[in-house]
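Below is one structure, written out as structure tokens; comments come after it.
All values reported here derive from a predicted model rather than from experimental measurement.
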Amino acid sequence: MAFLIASVAPAAAPQLGLLVGGFVLMVVGLASLTVRGRAQAPLHSARATRRATGYAAVYGLSSACFGRVIDAALLGHDQSPWLLALGDVMFVTLGLFVWVMVLAEDRPLAEYGLTGGRPARMALAALMGLGAVALYSSGPYRALFEGRVLVTTDSLLFAALFAAVGSALPEELMFRGYLMGSLGGRYARWARVVLPALAFTIVRSMRYAPGAGMPIQDWVFYALGVALPLGLWWGLMRDLSGSLWPGLFSHALLEFGVALASTSPTSPNPP
């Protein structure tokens, strides 16, 4: 989604101190959330909501640190192989984070929404997901299909890991899976969609700080015009279908096209 912010100025050299800080925050956060053992509270409980919020907070702070290190790659300003490789390591780390969360919580995967649903509703949710992809990433996909950018092995691996492991999987499991699921039976239907979407928007907006690197108006547009609508849309898809799968595929497909177009070099002979 960062590819959408076209007017962001090129970032400064990566701040490697933030890389270390992101890993430290993740380790300390996971330790504090798992040191007392596996949760026994029912999914639809205040304790489950607190734990889901805790995981989201740790993820948000860690991914914010990581994002600031590789934002030049995500925004298409730096396509150096070493920076893309560094991003690959971060994405795998975020994937491991959510894997540890699932193991520590010891809940059936169906409680996170990793289950099937009614075929008609699943089909409708899938169409909604494709609509989000068309709206937010048609430009990057068009650039790829028209040969205006040249896909490399480095950019392909970076985009695939970012889309699937570093973004869609942890964010859908935490926000539309664990957090949204924990609100069931205790909050109104609209709140079960809106509250996780707001948390998702805050976490995604933390990756970019308004200021010299990003004008405040671009940061506001990203938060309110990209992250919040997508958080609400994917939440509606989860509520409609009862399954996390349509949102997972939509999220991954959208991020893949955006990241691949951002990190692939421009074709020297565009059509």
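- At a threshold of 4.5 Å between non-hydrogen side-chain atoms, the residues Glu172 and Arg238 do not count as touching.
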Note to self: Determine whether Ser250 and Leu130 satisfy the following criterion, side-chain contact (heavy atoms from CB on, under 4.5 Å), listing intermediate values before the conclusion.
What the structure shows: CA-CA 6 Å; Ser250 175; Leu130 290 175; over 6 Å; no

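- With a 4.5 Å cut-off on side-chain heavy atoms, Leu230 and Leu254 count as touching.
- Heavy-atom minimum distance, Trp219 versus Ser205: NE1-O, 3.1 Å.
- Looking at Thr115, its side chain never comes within 3.5 Å of a backbone N or O of Ala110 through a donor-acceptor pair.
- Ser262 OG to Leu260 CG: the interatomic distance, rounded to the nearest 0.5 Å, is 8.5 Å.
- Side chains of Ser243 and Arg121: a donor-acceptor N/O pair is absent below 3.5 angstrom, by distance only.
- The residues Arg207 and Asp71 are annotated as not salt-bridged, no charged nitrogen and carboxylate oxygen being separated by less than 4.0 angstrom.
- In terms of modelled atom types and a separation under 3.5 Å, the side chain of Thr34 and the main chain of Leu30 share a donor-acceptor contact.
- Between Ser80 and Asp78, the side chains place a donor N or O and an acceptor N or O closer than 3.5 Å (distance only, hydrogens not considered).
- Taking the centre of each ring, Phe66 and Phe23 come in below the 6.0 Å mark.
- Using a 4.5 Å heavy-atom threshold, the side chains of Leu173 and Leu169 count as touching.
- Side-chain N or O atoms of Ser137 include none that pairs as donor or acceptor with a backbone N or O of Pro140 at under 3.5 Å.
- Side-chain contact, Glu105 with Tyr55: a donor N or O sits under 3.5 Å from an acceptor N or O.
- Under a hydrophobic-cluster definition in which Ile, Leu, Val, Met, Phe, Trp and Tyr are linked whenever side-chain heavy atoms come within less than 4.5 Å, directly or via other members, Leu224 and Trp233 are assigned to the same cluster.
- Rounding to the nearest 0.5 Å places CG of Leu232 at 7.0 Å from CG of Leu198.
- A pairwise comparison of heavy atoms in Gly225 and Tyr136 identifies O-OH, 2.9 Å as the closest pair.
- In Tyr141, the OH atom is crowded: over 12 heavy atoms of neighbouring residues, nucleotides or ligands sit closer than 6.0 Å.
- Side-chain contact, Glu255 with Ser167: a donor N or O sits under 3.5 Å from an acceptor N or O.
- Sequence neighbours left out, not one pair with a member in residues 241-251 passes salt bridge (charged side-chain N to carboxylate O under 4.0 Å, His left out).
- Distance check: Glu171 CD to Leu248 CG gives 10.5 Å after rounding to the nearest 0.5 Å.
- In terms of heavy-atom proximity, Leu179 sits nearest to Ala199 at CD2-CB, 4.1 Å.
- Of all non-hydrogen atoms in Pro170 and Leu94, the two that sit nearest each other are CB-O, 4.2 Å.
- When side chains are defined from C-beta on, Pro265 does not count as touching Val149, because their heavy atoms never get closer than 4.5 Å.
- Transitive grouping of hydrophobic side chains (ILVMFWY, heavy atoms separated by less than 4.5 Å) keeps Leu96 and Val28 in distinct clusters.
- Atoms CG and CG, from Leu144 and Leu150 in turn, are 10.0 Å apart once rounded to the nearest 0.5 Å.
- Surrounding CZ of Arg186 are more than 12 heavy atoms belonging to other residues, nucleotides or ligands, all under 6.0 Å away.
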Check: Stepwise, does the side-chain contact (heavy atoms from CB on, under 4.5 Å) test hold for Phe158 with Leu74?
Finding: CA-CA 10 Å; Phe158 179 93; Leu74 291 172; 3.9 Å; yes

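- Taking the six-membered ring where tryptophan is involved, the planes of His251 and Trp234 are essentially parallel, since the angle between them stays under 30° and well short of 60°.
- With hydrogens and angles disregarded, a donor-acceptor distance shorter than 3.5 Å links the side chain of Arg51 to the backbone of Leu33.
- Contact check for Met174 versus Phe97: side-chain heavy atoms found under the 4.5 Å cut-off.
- Glu111 and Tyr178 share no donor-acceptor pair across their side chains, judged by distance under 3.5 Å alone.
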Margin query: Quick one, Val102 with Arg107, criterion side-chain contact (heavy atoms from CB on, under 4.5 Å). Give me CA distance, side-chain angles, the key distance, then yes/no.
Written below: CA-CA 7 Å; Val102 171; Arg107 300 181 184 276; over 6 Å; no

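- The distance from atom CE of Met26 to atom SG of Cys65, rounded to the nearest 0.5 Å, is 9.5 Å.
- Closest of all the heavy-atom pairs between Ser155 and Ser264 is OG-OG, 3.0 Å.
- Annotation: side chain of Leu183 is in contact with side chain of Pro196 (closest heavy-atom distance under 4.5 Å).
- The closest side-chain heavy-atom distance from Leu84 to Thr263 is below 4.5 Å.
- Residues Met90 and Val24 are members of separate hydrophobic clusters, defined by side-chain heavy-atom contacts under 4.5 angstrom among Ile, Leu, Val, Met, Phe, Trp and Tyr.
- For the pair Arg204 and Phe175, the cation-pi test (distance below 6.0 Å, angle within 45°) is failed.
- The CZ atom of Phe91 sits 9.0 Å away from atom CG of Leu86, with the distance rounded to the nearest 0.5 Å.
- The hydrophobic cluster containing Ile70 does not contain Val20, counting ILVMFWY residues as joined when their side-chain heavy atoms lie under 4.5 angstrom apart, directly or transitively.
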Notebook entry, point to check: Hey, mind stepping through Ser182 and His44 against side-chain contact (heavy atoms from CB on, under 4.5 Å) and telling me if it holds?
Noted result: CA-CA 4 Å; Ser182 73; His44 306 310; 6.0 Å; no

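- Of all non-hydrogen atoms in Arg192 and Met180, the two that sit nearest each other are O-CG, 3.2 Å.
- Partners of Phe256 by ring pair (Phe, Tyr, Trp, His ring centres under 6.0 Å), not counting sequence neighbours: none found.
- Residues Val58 and Leu25 have side chains not in contact (no heavy-atom distance under 4.5 Å, counting atoms from C-beta outward).
- Met101 and Val27 are assigned to two separate hydrophobic clusters, defined by single-linkage of ILVMFWY side chains at heavy-atom distances under 4.5 Å.
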